[in-house]
Amino acid sequence: MMKTRTRFAPSPTGYMHIGNLRTALYEYLIAKSSGGDFILRIEDTDQKRYVEGATDIIYQTLKRVGMLWDEGPDIGGNFGPYVQSERRHIYAQYAHKLVELGGAYYCFCAHKDDEEENSVSHTKLKDPCKLIPLDEAKKRIANGEPFVVRQNINKKGTSIFHDVVYGDIEIDYDELDEGVLLKSDGLPTYNFANVVDDHLMQITHVVRGNEYISSTPKYNLIYEAFGWQPPIYVHVPPVMKDAQHKLSKRNGDASFQDLVAKGYLPEAILNYIALLGWNPGDEREIFSLKELEEIFSSERLNKSPAIFDINKLTWMNGCYIRNLSAQEFATLAEPYYQHITTPIDTVALSAALQPRIETLGQIAEQIDFLQAVPDYDVSLYENKKMKTTPEVAQKALTLVLPVLENVAEWNNENLFEVLKKVAVDHEMKNGQILYPVRIALSGKETTPGGATELAVILGKEETLKRIRAALQKLA
RNA sequence: GGUCCCAUCGUCUAGAGGCCUAGGACGCGGCCCUCUCAAGGCUGCAACACGGGUUCGACUCCCGUUGGGAUCACCA
């Protein structure tokens, strides 16, 4: 059996969108689940769309999620070059050969965009250039006349091809347009380049969006004309923004980079998108790339579009955050603490934050009170469940202050013990002591951690300072 | 419009004729735990688009309807 070879062939538009990344993932998994090779190829045949630095984004993204390629522009391989603009001579050569083989013809029609109305329909047998004898066409080219190479479709009847996810698909040859294969600028269109490259690079499985289904018979005709073996096709449904719109940059939808910037972990994003159109057949949902490589099966790919649900991604990201070691989490969270000048216990802070956030971006709102207590209203001390009022709070804080001043070992256990004792000694409920302390320290109704945890994070000095300030506010 | 494709809870999905009074997950509601909020545990609400067949029996097979998507570029 031939070694599986798949390829990710993005065009460098400067943006790695989620659908693209998912396609790359499936390509990677199809290759790796059978010990095959994953090839990276840059499809930059449209010079108008080229964006400087775009290939770097592609490299960085793939590396970031751990999808390393076996061959590619930067690392080479036996089938290079891996950038299509560097292969132009190859396409031209094959295009002319295809004309000789009868699979294409030279066309001298004006560019469609240049024409007003009634542009020549290039459906089967309508193009006048098909009637130009080959000798004459060659003469005109030799004279410097601009030309394109256009696919020649003479077949009658129905084409049929098999797709791994959609099954057998039949399309009538009459439906196929004789598209341009080699443009007047000498570069190939995707329609031609992908066939030539996939064959030359010995790609066994072509994975791509299902918008290519309708043109697949045209590619098969090219393979046939050259006498080449077509690849196994795996057309995947699109990733949607909602029921009727694809996820796209145009809609302002989040790209991989955008999500990472918002505090989503690359591993979580990858895990989530793997499940957008594929499932393992059991009820597990959390998978590392390595685990996916082991259990992936293209037979379990879905036919229908999947809507990208940021909610579920957020939940999954929370799972990944909670599964991080304390050290790993601290490292990721650290940048979000930079602006705080209050001396805080960052270890305790990270410990409090880790189970409470689902994206790193949520850290900011969680810790906004650390730099300074916000200007809150004393009515915040009013809490029916805790049985507290501003008056109770004033009493509690007054009792607590001297006790805390005498705490030597400033840690959570001691603080909790000491404060509970204050409650017992004065026949108050725990909440009547702890709730006011927490509000005094944070000025917020909800906080990452309870009173004593906040006290540890802030340290003794800052804690006492804030309680005194609260007492003044309540006076 | 022609052609191709798709159709299970709000969302991602399981389901390959009887195992389905349709399972899981997210979200949502409730309860427990609890120094607030989370986390964790338990629990509730919620779907086979519609109509015909085929069959002893259809979520599962066939046809149609409806609804969506894709494609018909010197873009990929």
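It should be emphasised that the depicted structure is a prediction, and the values quoted were computed from it without experimental measurement. Residue numbers start from 1 in every chain, and the chains themselves are labelled A, B, ... in the order their sequence lines are given, proteins ahead of strands.
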Give a yes/no on whether any side-chain N or O of A/Lys183 is located under 4.0 angstrom from OP1 or OP2 of B/C75.
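Yes, within the criterion.
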Give a yes/no answer on whether the side chain of A/Asn302 brings an N or O atom under 4.0 Å of OP1 or OP2 in B/A14.
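Yes, such a contact exists.
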Gap in Å between the two C1' atoms, one belonging to B/A47 and one to B/U34, rounded:
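Roughly 36 Å separates the two C1' atoms.
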Using the P atom as the reference point in each nucleotide, state the distance between B/G27 and B/U11 in Å, no decimals.
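To the nearest whole Å, 16 Å.
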If you look at every strand shown and take non-hydrogen atoms under 4.0 Å, does [X] touch a base, only sugar-phosphate, or nothing?
| X | result |
| --- | --- |
| A/Gly209 | nothing |
| A/Gln354 | nothing |
| A/Glu445 | base |
| A/Phe308 | nothing |
| A/Ser304 | sugar-phosphate |
| A/Arg300 | sugar-phosphate |
| A/Ala243 | sugar-phosphate |

Could you tabulate the donor-acceptor pairs under 3.5 Å formed by side-chain atoms of residues 321-329 of chain A, not counting sequence neighbours?
unit_1	atom_1	unit_2	atom_2	d
A/Arg322	NH1	A/Gly318	O	3.4
A/Asn323	ND2	A/Cys319	O	3.3
A/Ser325	OG	A/Glu328	N	3.0
A/Ser325	OG	A/Glu328	OE1	3.3
A/Glu328	OE1	A/Ser325	N	2.8

Which class fits the ring pair [X] and [Y]: parallel under 30°, tilted 30 to 60°, perpendicular over 60°?
| X | Y | result |
| --- | --- | --- |
| A/Tyr15 | A/His17 | tilted |
| A/Tyr106 | A/His96 | tilted |
| A/Phe8 | A/Phe38 | parallel |

State which residues pass ring-ring contact (aromatic ring centres under 6.0 Å, His included) with A/Tyr59; sequence neighbours excluded, sorted by chain then number.
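For A/Tyr59, the residues satisfying ring-ring contact (aromatic ring centres under 6.0 Å, His included) (neighbours in sequence not counted) are A/Trp69.
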A/Tyr272 vs A/Phe308, test: ring pair (Phe, Tyr, Trp, His ring centres under 6.0 Å). Steps then yes/no.
CA-CA 9 Å; A/Tyr272 176 69; A/Phe308 181 86; 5.5 Å; yes
Atom CG of A/Asn271 and atom C1' of B/A25: how far apart are they, to the nearest Å?
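Result: 12 Å.
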Spacing of A/Asp282 atom CG relative to B/G23 atom C1', expressed in whole Å:
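A/Asp282 atom CG is separated from B/G23 atom C1' by 13 Å.
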Does the side-chain ring of A/Phe416 sit on the six-membered ring of the B/C35 base, less than 5.5 Å centre to centre and under 30° in tilt?
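The ring of A/Phe416 is stacked on B/C35.
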Within residues 362-387 of chain A, which residues have any heavy atom lying less than 4.0 Å from an atom of RNA chain B?
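Heavy-atom contacts with RNA chain B come from A/Met386.
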A/Trp278 or A/Asp172, whichever maps to the more 5' nucleotide of RNA chain B:
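Result of the comparison: A/Asp172.
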Any donor-acceptor pair under 3.5 Å joining the side chain of [X] to the base of [N]?
| X | N | result |
| --- | --- | --- |
| A/Ser184 | B/C74 | yes |
| A/Tyr212 | B/A76 | yes |
| A/Thr189 | B/C74 | no |

